[in-house]
Amino acid sequence: QVQLVESGGGLAQPGDSLTLSCAVSGSTYNLDRYTMAWFRSSPTNPRAFVAAIEWDTGKTRIEDSVKGRFDISRDSAKNTVALQMNDLRVEDTAVYFCAATPSLWRLQTTPSTYNSWGQGTRVTVSA
């Protein structure tokens, strides 16, 4: 199992950009088996899928509401996963969580598929 630590959250204005980072540690020797993902939690949705990436192939899946604005990537040398968020909107305000799973079912959007979670980083978008 891996351990995840998020960073990079903060206060932003509509239209701004932020990059979240997730540092991966622990059983990193088999990261090629993993799908890494970002979810977000808000009062209206306790754990909503945002984006996922296959560690070995780099193939991604992006949720429709953020497609074209958000992008997910991984750095195999640094064992980090990033969520690049552009053109932020007030409705992007949430606590963002990094998640990981070695499941054979890749790029899943269901939170219960993931067995490792970070503590979350808060993003607030306000004018």
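Linking ILVMFWY residues whenever their side-chain heavy atoms come closer than 4.5 Å, directly or via other members, places Met36 and Leu83 in the same cluster. Each of Val123 and Phe49 belongs to its own hydrophobic cluster when Ile, Leu, Val, Met, Phe, Trp and Tyr are linked at side-chain heavy-atom distances under 4.5 angstrom. Following chains of ILVMFWY side-chain contacts shorter than 4.5 Å, one cannot reach Val81 starting from Phe97, and the two form parts of different hydrophobic clusters. Linking Ile, Leu, Val, Met, Phe, Trp and Tyr residues whenever their side-chain heavy atoms come within less than 4.5 Å leaves Leu107 and Ile62 in two separate clusters. Transitive grouping of hydrophobic side chains (ILVMFWY, heavy atoms separated by less than 4.5 Å) brings Met85 and Trp38 into a common cluster.
Closest of all the heavy-atom pairs between Arg47 and Pro111 is O-CG, 3.7 Å. When all heavy atoms of Ile53 and Ile72 are compared, the pair lying nearest together is CG2-CD1, 3.6 Å.
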Full working for side chain to side chain contact (heavy atoms under 4.5 Å, CB included) between Trp55 and Asn30: CA-CA 10 Å; Trp55 192 274; Asn30 62 347; over 6 Å; no
Enumerate donor-acceptor pairs with a distance under 3.5 Å from any side-chain N or O in residues 4-25 to protein atoms, sequence neighbours excluded.
| residue | atom | partner | partner atom | Å |
| --- | --- | --- | --- | --- |
| Glu6 | OE1 | Gln119 | N | 3.0 |
| Glu6 | OE1 | Gly120 | N | 2.9 |
| Glu6 | OE2 | Cys98 | N | 2.8 |
| Glu6 | OE2 | Gly120 | N | 3.2 |
| Asp16 | OD2 | Gln13 | N | 2.9 |
| Ser17 | OG | Asn86 | OD1 | 3.0 |
| Thr19 | OG1 | Gln84 | OE1 | 2.5 |

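Note on residues 100-120: pairs passing salt bridge (Lys or Arg N to Asp or Glu O under 4.0 Å), not counting sequence neighbours, are Glu54-Arg106, Asp56-Arg106. Sequence neighbours left out, the pairs with a member in residues 87-105 that pass salt bridge (Lys or Arg N to Asp or Glu O under 4.0 Å) are Arg40-Asp92, Arg69-Asp92.
Ring geometry for Trp117 versus Phe39: interplanar angle of 30 to 60°, hence tilted.
The backbone N or O of Lys78 sits less than 3.5 Å from a side-chain atom of Asp75, completing a donor-acceptor pair. At least one donor-acceptor pair under 3.5 Å links the side chain of Ser116 to the backbone N or O of Val2.
From Trp105, atom CH2 reaches atom OG1 of Thr35 across 12.5 Å, with rounding to the nearest 0.5 Å. Rounding to the nearest 0.5 Å gives a distance of 5.0 Å between CZ of Arg61 and OG1 of Thr109.
For the residue pair Thr110 / Gln108, no side-chain donor-acceptor distance below 3.5 Å is found, with atom types taken as modelled.
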